[in-house]
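Worksheet for the structure shown next.
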Amino acid sequence: MKINAFLKLWLNVVRNSIAMLKKQSLLKMYFILLCSLLFLVVEFLICYVAFSFMRGIPEVGSIIVERLMYLFYFALFLMLIFSNAIITYSTVYISKDTELLFSYPLKSGTIFRYKFIESNMLSSWAFMAILVPFMVSFGMANHADSALYIFMFLYFIPFLIIAGTIGSGLTMLLVKLLPQKKLRAVIFLISLFVALVIYKSIRRVRFEESGQTIEIFMLNQMLPNIHMSYSLFLPSYWMAEGILKASLKEFKDAFYYFLLLLSTALFFTEVLINLAEKFYLISWQDVHSQAREKIFCLSRGIIERIRPLFKIFGMDSCGLIIKDMKLFWREPMQWTQFVIFFGILGVYFVNIRHFSYNMLQPFWKHICAFLNLSAILLTLGSLSTRFIFPQISLEGNKFWIIGLSPLGLKKVLYEKFLVSFTVSFFITESLLMISNKMLGISGLLEACFIWVILMMNLALIGLSMGLGAAFPDFKSENPAKIVSGFGGTLALIANIGFILIAVAVTIFPFQLFLKGYISTYMDLKKAAMISMGIVSLMSLGLCIFPLLYGEKKLAAMEF
Amino acid sequence: MIETLNLTKKFGTKIAVNKLNLDVGKGELFGFLGPNAAGKTTTIKLLTGLLKPTEGLVKIFGYDIQKDYIKVKSRLSYIPDVPYLYEKLTAREFLRFVSEIYLIDGKDTEKKIEGFLEFFSLREYENILIEEYSHGMHQKVVIIAALIHNPDIIIVDEPMVGLDPKTTKLVKDIFKNSSKNGKTIFMSTHTLSLAEEICGRICIIDNGNLIAIGTLEELRKKSGIDGRLEEIFLKLT
Ligand SMILES: Nc1ncnc2c1ncn2[C@@H]1O[C@H](COP(=O)(O)OP(=O)(O)OP(=O)(O)O)[C@@H](O)[C@H]1O
Ligand SMILES: [Mg+2]
């Protein structure tokens, strides 16, 4: 009966939201559909080509595919857990409707079940977009029959549930066990620890010692050999193994892995619901009685002390900047992600020399350099969607304070743009410097890279900021939810698309040079200038127009 | 019906409610007053089991709210100061959802919901999403949702904010009638004239401490002021 009520609640919400969507312009609807379709198709094609290529490599092809599968599902598993843990915190503990539900005669377990499904769906749906084309292309490249697809679909659901229960369980445990004050520090330490363990378990071999051909060596480096991903106890291993078995038509084994996943999912769910029955209400009460004062002494101290630095921007901008810094610091979920992603890249780059990439032939060295550049840019791209895009929306209902103040929305927009740009510019440029230094890249290539990073910072931050202002969502307090809307999806697709284009344009003259189509250094220089010009033009366009568009939209907004 | 024993709530070192002892009987319309940050909302959240007392006990219908909360909550309504509603539902859908949660029998529910909507002049808006409602309409839906399962106790935090005079009168009458019919109403408010008009007993707290409790007459005697509640309130806090 009560579950029935929740079911109806969802159906109503979904139906009404769709009805609201229909009221909006058809153009926007079609545009969203088209973009999503395009994204899926492109992803599918890339995966398909990659799988076909790898299968074609004699002898080692199947080994590489296998390793890729373990690695892919392992990474996916970790990301799902992480995303579930974060989203659980906001949907299960912070979300406003929990208070409403707790005031009804509902058992904690019932409320939790409902909130768990909600947060699991919220955290998983974005990954579906990655997963489905990957799986389908794997099947197509293997000329598999329909049984494989059925199996993949069957694996998929318990896999998501397992990751969800672990993520949510982790959050519940942390909230229950830790006093609120220490929560952020502990989350930070745990993330750091996990990152370190994974990093340490990557087995790297020096090229000279490996005795492999350069191609195999490079593939090895690009698909890090993470021991952990082969662990027999990992659901991601079962999933990968099951899919591989199914693709070889060993359906008995495949079915076994399905049962394994299913029973684990059921068992974990049962355990989690039982835990929730006992602890959910208590921990929810804890979260809502946390002392609000004094926690932030540290940040208040440091941030207030550097306040004079920002005085040069004028009183009002200074106020805004200080406010943003405080809010950012007070949201541990925000900056831990930041630290983790850029931290991993940093550690990796610092260790490049260790793997003796700098001993490689120029061709491979260039490939490495470009891969590093892409890694930096892709990280920047996804982080800027994740953090920069929701900034305007997060001002939320309080936006009118600023809207009515003499500051004006325009100033807020550009202040946020400038601050974000400055921060990300310094981080990405330093990462790039490390990478270049370690690889021994210098001269023209280095200059190009530095310039590209500058331009891309402008473009990616401007784009995310502008779209965030043009498609704000003032209602939700949850950044993940804001990002998963139309504007956020658009920003992510545009970011990644543009990164791919920009890297391709940058790499083009250098590849021509290495392949011998450009013979003199002078010609290379000219070609590089042209490609930089193209990147710059596109970047400036992608920075300025979205910002102007966002500004116009904000100015026209009614509160 | 509502009983607190040495009820204390601390947030860190801040004591929001300090050793509060209250006893509200059946059919009482109890006014709960105090300046901003006095601890009214905190007390109410303790009464409804949303917060856990640092010390002390809340008993409702004789049950400990922290332990037997299902039994208590099915006969109790809570209207928070900042109520949440599912914005993507229409008023009708939301009220149906609430009735299902309270396991009210299906047949009469529709009629009941319609009656309430009619009563609060919301019929013509019943199929519009709540996100498009004005503040007062929002508040009306919250009040209907609190009344729909015919609770024995209603706990309200600032009920009249944003309501027009006509609706204020409606709500006032509902509260008065309910209390006549043996329902208990626990109401926190800043509208002193309202408390003066409808409340039987009034309790004033400040800084988490109970300052005074009793009927208007008793408060007058205690403060030594023979005037309106406003003067008494200002003197005591
Ligand atoms: N979660 C919390 N963490 C820390 N302190 C809190 C928390 N909730 C309330 N307080 C503090 O407890 C005190 C009482 O707050 P409460 O909301 O109960 O006041 P109130 O009487 O309802 O005030 P108002 O009339 O403004 O609604 C305040 O000082 C407030 O700062
Ligand atoms: Mg209050």
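Letters A, B, ... are given to chains in the order of the sequence lines, protein chains preceding strands, and every chain is numbered from 1.
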> Looking at Glu131(B), Arg75(B), Glu93(B), Glu87(B), which one has more heavy-atom pairs under 4.5 Å with chain A than the rest?
Replying inline: Glu93(B)

> Do Phe102(A) and Tyr280(A) have ring centroids that are under 6.0 Å from one another?
Replying inline: yes

> So which bits of residues 26-48 of chain B come within less than 4.5 Å of chain A, counting non-hydrogen atoms only?
Replying inline: Lys45(B)

>> Can you classify the ring geometry of His149(B) versus Tyr102(B) as parallel (below 30°), tilted (30 to 60°) or perpendicular (above 60°)?
In response: parallel

>> Do the side chains of Glu126(B) and Arg123(B) get close enough for a salt bridge, i.e. N-O under 4.0 angstrom?
In response: yes

> chain B heavy atoms under 4.5 Å from Leu9(A): which part of the residue, side chain, backbone, both or neither?
Replying inline: both

>> Rounded to the nearest 0.5 Å, what separates atom CZ in Phe94(B) from atom CD1 in Ile148(B)?
In response: 9.5 Å

> If you count heavy-atom pairs under 4.5 Å with chain A, which of Val98(B), Leu51(B), Val72(B) comes out on top?
Replying inline: Leu51(B)

>> So for Pro83(B), is it side chain, backbone, both, or neither that comes closer than 4.5 Å to the heavy atoms of chain A?
In response: neither

> Would you say the ring centroid of Phe97(B) lies under 6.0 angstrom from that of Phe6(A)?
Replying inline: yes

> Where does Leu129(B) contact chain A at under 4.5 Å (heavy atoms): side chain, backbone, both or neither?
Replying inline: side chain

>> Looking at Glu100(B) and Lys8(A), is there a salt bridge between them, counting it only when a charged N and a carboxylate O are closer than 4.0 Å?
In response: yes

> Contact part of Thr98(A) toward chain B, heavy-atom cut-off under 4.5 Å: side chain, backbone, both or neither?
Replying inline: neither

>> Does Lys73(B) qualify as a cation-pi partner of Tyr104(A), given the criterion of NZ or CZ under 6.0 Å from the six-membered ring centre and within 45 degrees of its axis?
In response: no

> Would you call the rings of Phe112(A) and Phe116(A) parallel, tilted or perpendicular, where under 30° means parallel and over 60° means perpendicular?
Replying inline: parallel

> Tell me, side chain or backbone of Lys9(B) under 4.5 Å from chain A's heavy atoms, or both, or neither?
Replying inline: side chain

> Does the distance from a Lys or Arg side-chain N to an Asp or Glu carboxylate O, for Arg92(B) and Glu114(B), drop under 4.0 Å?
Replying inline: yes

